[in-house]
Structure formats: C-alpha cells, structure tokens
Amino acid sequence: MMAPARQRADPSDSSHATNRFGQKESLLAPAVAAGCETFCDFVFKADLMTHQQIRVRFAPSPTGFLHVGSARAALFNYLFARHTGGVYLLRIEDTDLERSTPEATRQILDSLAWLGLEPDEPPVYQAQRADLHRAFLERLLASGHAYRCHCPKERLEQLRAEARAAGTIFAYRREMLEPGEAERYAAQGLPSVIRFRSPVGETVGFDDMVYGRIEVETDTIGDFVIARGDGSPLYNFTNVADDIDMGITHICRGEDHVPNTPKQVLIYRALGAEPPQFAHLPLILGPDKQKLSKRHGATGVNEFRDKGILPQALVNFLALLGWSPGEAEFDEVMTVEELAAKFSLDQVKRSPAVFDHEKLLWMNGAHIRRMPRPALEEMVIGRLTARFGFPERPAACSRNAALAPEAWVRGIIGLVVERSRTLCEFEDNLAYFFEPPSEYDAKAMKKFVSTPEQAETLRATGRLIGDAWERVPPPGPDGGPDAWAAAVEQAVREPTEAAGRKFGQVAQPVRLALTGRTASPPLFHVIWFLGREETLRRIEACAAAAGTSP
RNA sequence: GCCCGGUUCGUCUAGCGGUUUAGGACAUCGCCCUCUCACGGCGAAGAUCACGGGUUCGAAUCCCGUACCGGGUACCA
C-alpha cells in the first residue's frame, strides 16, 4: 500500500522531484525500519522527529488572481517560517477542474514572485497527486473510516429540508435512511460518493494558536463527502492527505477555514496521523465591514502593482493587518526581514480588520522615500519611458540641454520623491517636464494671470529669470542645482521685495505658467530642469493666454 | 434557522486583574519650516474599552447573557 502511494508523487518537474524525494527517501528509511505502521506515520514523524523543523505551506486554489487576503495568508506563513528557521512551501490546489485554470496558476505564481514570497521548494500541484489521494482513500475505505454512499441528491435535499424545518443543522448520517434504503440505492447502481464516517456523539476539537480551543460536536458534522461520484477527491480530504505527505507541521490560513478544521482533524486521526498545529487568521474587510471583495475596489495583488504600489509596502501593510509586534510604540515602516524577526503567531488578532487604503498609500510613500535612490530611479525611468517616450522626449530644446538625458531625468525624479506616494504619482508629478501644460488651473489663472497688469508682471519676472540665467554660473558637474536655484531666486526676490511686493505674488504666476498647477517642487529647481528657452517660452505662452500681447 | 467565532479613538492597533488621566500609527485640524505642494518637527481633537449582569478589595482585561457584525452550513476551495 505504501509503494503505490509514493510512486504517484511525481510532480511533472522531474528534475526537482528526484532530488527532493531522494532526500526524503533516506530520511524515511529508518522510520520504515523502525516499523512505523502507516505511510503518514512515517512521513510525518520522520520529518518531525529527525528535523524538528517547522514546515508550513500556502495552498491557494487557482480560480482567479491572487487576492490580498490570500496574499496575507501566504505572507504570514512566510514570516512564520522565516522567524522559526522553517520551510515555506506552496501547493496549488487545482482539484476542482471546473474552476481552476492554468492562467490563474500563472497569475498567482507571478504575484507571489512579485511580493517576494516564493516557496523554498518547487510548487506542488495537487491535481498531479491523484495516486496518493486514491491510496489514502482506499485506506480509509478499508479501515471502515469511509464508505460509499449511493444516496441520490433528491433524497439529500429532502433530508436537508426536513432538518431545516426542524430547526436543526443538517448533518448526513447513513442511519437517517430507512432500513434497507441504502442497499436499495446501491443495488440500483446509482452513482456513489465516498463519505467519511465521523464518530457518533463525540466532541472533536483543536487548539488554535490564534483562537484558542475550538470544539464541536461530531454530530453537527455528520458523514461528510470526501470524494465525488467520479472518484475525484474533495478539499477536506486532499488537503489533509497532502499536508501529511508534505510533512506540514503548522497550518496557517484564513478564518473561513475554521469550520473545516474539525473535519480535517477527524481525517488525520483516521489516517493515524497527529494533526498539525492550526492557526487561523482573521478576515480582511472592506470599509463597510463586509468581507473584502471586488466592489470595494482593488483586491487583486496585480491591481496594486498596476497602481504603483511597491511590493515591500504591500507586504508591510498586510503584515500589520491583524498582527502587531505587541509593542506600545514602534516604527510601523519595516522591511520583510524586520517583520520576520518580530513575527509571532500569538500576536495575531482575533477580530477582522478593515482594509484602509489611505494608510497603504502613506506606507507606500514611506517605502518610496526609504528605497535606495538608484533602484527607485530605475523603476520610475521605466514608467516615464513607457508613458512619455523618454529619452527621445522631451527633445533637447524642451529641457535643460546642459544636462545629459540620464542626469536630467534623475534630477527631476529627485524633485518629486517626497511628493509621490505611488509610482503612478511620479508620472503625474513629472508630466509637465515632458510636455507643456495643456491647460492652466482655472482658479489660479483668474487670480494671478487675468489682467494686462498681471500678464506684464509675469513677463517682467520672465525677463528677470532670463537675465539671471546669463549671469549665474551653472552648477558644477557633480553639484546639484541648489546653489544655482538660490542665486536665481535672489535675482527675482530682491527687486520684487524692493518694490514692496510679496515674493509669493510673483512666484505663483510663474509656477502656473510652467506647470499649469498651483503646487510643484521648488520653483527654481523646476526652472533649472526646464531650461532657459522652455521656461521663457512657457511664461510667454501663459501671459498670452491671459488675452494680452507683449 | 442551525453551528463556530468576533466586538478598545473614523481606520489599523497596544493592553493579558492594580504601573491607564486607556499608549502608538493612518486620516482630520492647528502651528513651525516655506515661493506653492509635499517631507520633517511640534501640538490638538478623537474610545463612557458594544450593552447588561456577575466574580474580585480592584476588570478594557475573568465568567454568563443580550445586541450587532463576520464565517460556515456543497459531489467549491
């Protein structure tokens, strides 16, 4: 019985399988020799006893892209493994052929890689382990822990309705049928499912590392189905079979699995295996306190990537949803390594948490500011290239030609790092460096550039800037434009204040002319990167837009 | 309906029977910095710890009940 069970374990990926199972083989030999009774026994105990190493897994079903809730489950498993020096694995639960797609599997692998949550060993595909499942199923059948049930769906419906009417839970037991009824169905050759025979009148429970002791009456569980009519095994069963086979020691998953757990504990026992430790995670809710779903906006990890969220920020944010280091005061902005160092399952909250998009944005901004500058620049340059056609655009005549494109782009990026909370905001904040403003902020235009006098003031400021440009020496080859900007600013500030006017009164119109907006990085830095010609051109264009001519 | 959970500022949370006038973070508001916007700094406001009973000298912390919220109740995972 053991042999067939092991041969099936042949992940399509034979290169890894050889290595992995070769390793396992040597590990198990002593256990077999020691006379471990069952397959699960020796796998489980051998791994556990010889290694004492924690093995966890993330087990998504590929029915769509990776949801942030699932991503968090993966993350908690990952952090737990890293913290304890354990192993973190990935198992794709694709036994539901109806809903699983290869495309979804690709998406999930992709998102996990992006998040940096790749497993320590090659992923295990549940659909490829049919032999193992069959062998385990046979064992359960042989030992009387499971039986074939030919009861037709209509009959089940009737039973369900009766239970509902009586105000009790519907938990199927073969005794519910009339004497001889089951035999009759069998004799009729009706399709049969395999049901797990759960104990009658007992209490089954487990000590959850987050929720504490959870117990339930086996009579509220009943004899549940573990394999479909076509023989394909179901979640509660495959999950246990694979976790035993993979030597999983701790199961950390969403709270929505709590009701499944007692059933699974029963299966572990029937298979002669010690159940692993369980830890359930509180769910993530939307602002309306309902389970987070598409109608709350972005829920897929891929969507966050598209929105310019950094993986380390999403990881950091997710880690703090339902968990905290338990210190009264601490820096919430952390790297994965820092999170792993502090992580502990017993600091996980029991109540669900609302996903606060605003805080994610703040955290993303914090990570942007902490990123090594060159790496940040590469990411942003990639986006600027895609959106604006850098480095071909802007042409040399539309920017400060004294700077090489590379130096120029890094310069403007530096101007907006502390003003951008997402990668997308970099693009928006930098748009006017690539193309002149297509429109001006209407309110500001009315306030600063609507009368002939104002237009003339703007032109006069332009002349001051143009003159100063001739006189002020440009920054040295490796110096930033700070000194240059300060000097040109002085050239504009002095005459302005001498005339008894506020500097801001002349700065804002120029800002409007150059950027079309009322907010931007320091004005003279913007001017420097725009270049003399482009600056003066935009100032004139704006003055002209006020309806006056020079 | 039934089963299983949960409930501390708007949100994320600290708290594990006395050290609590319940601490921090995001968001909000104010001040400083300042050419604007950010960043940064400082400060304010914001929670009768869901409600009602107990236990105790003492409860946000322990027990019970109620309300509300969530999860589950499949030949899905």
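The sequence lines fix the lettering, A, B, ..., with proteins before strands; numbering per chain opens at 1.
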With heavy atoms under 4.0 Å as the rule, sort A:Gln126 into base, sugar-phosphate or nothing. nothing
Expressed as a whole number of Å, how far does the C1' atom of B:C35 sit from that of B:C42? 23 Å
With the side chain of A:Lys153 defined as its heavy atoms from C-beta on, choose the nearest nucleotide among B:A38, B:C75, B:C4. B:C75
Do the side-chain N or O atoms of A:Arg160 get closer than 4.0 angstrom to the phosphate oxygens (OP1, OP2) of B:U73? no
Work out how far the P atom of B:U19 is from that of B:G15, and round it to whole angstrom. 16 Å
For B:G1, give its Watson-Crick or G-U wobble partner with both distances under 3.5 Å, or none. B:U73
Take the protein atom CD of A:Glu418 and the nucleotide atom P of B:C33, then report the distance between them rounded to whole Å. 18 Å
Measure from the ring center of A:Phe80 to the ring center of A:His250 and say whether it is less than 6.0 Å. yes
If the P atom of B:A45 is compared with that of B:G30, how far apart are they to the nearest Å? 15 Å
Could you check whether A:Arg350 gets within reach of a base, just the sugar-phosphate, or nothing at all, counting any heavy atom under 4.0 Å? sugar-phosphate
Looking for any heavy atom pair under 4.0 Å, which part of the strands does A:Ala328 touch: base, sugar-phosphate only, or nothing? base
Let me know the distance between CG of A:Leu285 and C1' of B:C68, rounded to the nearest Å. 14 Å
Pairing check on B:U28: which nucleotide meets the Watson-Crick or G-U wobble criteria with it, both distances under 3.5 Å? B:A44
Just call it for A:His257: base, sugar-phosphate, or nothing, with non-hydrogen atoms closer than 4.0 Å on any strand. base
Counting the atoms with a prime plus P, OP1 and OP2 as sugar-phosphate, which does A:Val225 contact under 4.0 Å by heavy atoms, base, sugar-phosphate, or nothing? sugar-phosphate
Select base, sugar-phosphate, or nothing to describe what A:Leu523 touches, counting heavy atoms under 4.0 Å on all strands. base
So what does A:Arg91 touch, heavy atoms closer than 4.0 Å: a base, only the sugar-phosphate, or nothing? nothing
In whole Å, measure the gap between the C1' atoms of B:A38 and B:C76 for me. 48 Å
Whether the side chain of A:Glu534 engages the backbone of A:Leu530 through a donor-acceptor N/O pair (distance < 3.5 Å, no angle test) should be reported. no
Separation of A:Ile226 atom CD1 from B:C76 atom C1', in whole Å? 16 Å
Please pick, from B:C26, B:C4, B:G6, the nucleotide with the shortest atom-to-atom distance to any side-chain atom of A:Val258. B:C4
OP1, OP2 of B:A77 versus side-chain N and O of A:Arg228: anything below 4.0 Å? yes
Ignoring backbone atoms, establish whether A:Arg419 has a side-chain N or O less than 4.0 Å from OP1 or OP2 of B:U36. no
Base of B:A77, side chain of A:Asp256 - is there a donor-acceptor contact under 3.5 Å? no
Return the nearest nucleotide to the side chain of A:Lys291; candidates are B:G71, B:C12, B:G40. B:G71
Could you check whether A:Phe76 and A:Phe343 have their ring centres less than 6.0 Å apart? yes
Once you apply a heavy-atom cut-off of 4.0 Å, does A:Gly229 come out as touching a base, just sugar-phosphate, or nothing? base
A:Glu338 side-chain N/O to A:Thr335 backbone N/O, donor-acceptor pair under 3.5 Å: yes
Need one value for A:Arg517: base, sugar-phosphate or nothing, where a base atom within 4.0 Å counts as base even if backbone is also close, heavy atoms only. nothing
Rounded to the nearest Å, what distance is computed from the CG atom of residue A:Leu234 to the P atom of nucleotide B:U73? 12 Å
Please give, in whole Å, the distance from B:A74 C1' to A:Ile221 CD1? 15 Å
Picking from B:C3, B:C35, B:U8, the nucleotide nearest the side-chain atoms of A:Ile169 would be B:C3
Select base, sugar-phosphate, or nothing to describe what A:Thr518 touches, counting heavy atoms under 4.0 Å on all strands. base
Please walk me through it: do A:Leu132 and A:Thr238 pass side-chain contact (heavy atoms from CB on, under 4.5 Å)? CA-CA 9 Å; A:Leu132 168 100; A:Thr238 52; over 6 Å; no
Checking contacts here: which listed nucleotide (B:C76, B:G72, B:C35) is nearest the side-chain heavy atoms of A:Gln508? B:C35
What does B:C49 pair with, Watson-Crick or G-U, if both distances are under 3.5 Å? none
Distance between the C1' atoms of B:G65 and B:U20, in whole angstroms? 28 Å
Answer with yes or no whether A:Arg511 presents, from its side chain, a donor or acceptor under 3.5 Å of a partner atom in the base of B:C35. yes
Nearest-Å distance once atom C1' is located in both B:A22 and B:U48: 12 Å
Would you measure the distance from the P atom in B:C64 across to the matching atom in B:G6 and give it in whole Å? 11 Å
In terms of heavy-atom contacts, A:Arg538 and A:Tyr440 come closest through O-OH, 4.2 Å
Given atom CG of A:Asp356 and atom P of B:G10, what is their separation to the nearest angstrom? 13 Å
Mind listing the closest non-hydrogen atom pair of A:Asp94 and A:Pro62 along with its distance? CB-CG, 3.8 Å
Take the protein atom CD of A:Glu93 and the nucleotide atom P of B:C76, then report the distance between them rounded to whole Å. 14 Å
By nearest atom, which of the nucleotides B:G71, B:C3, B:C37 is closest to the A:Glu255 side chain? B:G71
Would you indicate what A:Thr95 reaches in the nucleic acid, counting non-hydrogen atoms under 4.0 angstrom: base, sugar-phosphate, or nothing? sugar-phosphate
Between A:Glu358 and A:Asp96, whichever has its closest RNA chain B nucleotide further toward 5' is A:Glu358
Using Watson-Crick or G-U wobble geometry with both distances under 3.5 Å, which nucleotide pairs with B:U7? B:A67
Partner nucleotide of B:C57 by Watson-Crick or wobble geometry (both distances under 3.5 Å): B:G18
Quick one: A:Lys349 NZ to B:U7 P, roughly how many Å, whole number? 6 Å
Hey, which of these two, A:Glu329 or A:Val354, hits RNA chain B nearer its 5' end, going by closest nucleotide? A:Val354
With a 4.0 Å cutoff (strictly under), does any side-chain N or O of A:Gln347 reach OP1 or OP2 of B:U13? no
Please work out if A:Gly322 contacts a base, only the sugar-phosphate, or nothing of the nucleic acid, heavy-atom cut-off 4.0 Å. sugar-phosphate
What contact category does A:Ser324 fall into here, base, sugar-phosphate, or nothing, at under 4.0 angstrom with non-hydrogen atoms? sugar-phosphate
Rounded P spacing from B:G10 to B:G5 in Å: 28 Å
Quick one: label A:Pro521 by what it contacts on the DNA or RNA (base, sugar-phosphate, nothing), any heavy atom closer than 4.0 Å. base
Donor-acceptor pair, side chain of A:Asp441 and main chain of A:Leu512, under 3.5 angstrom: no
Any side-chain to backbone donor/acceptor pair from A:Tyr432 onto A:Leu514? Under 3.5 Å, distance only. no
Check A:Gln126, A:Glu93, A:His257 against A:Tyr235 for a side chain to side chain donor-acceptor pair (under 3.5 Å) and give me the one that passes. A:His257
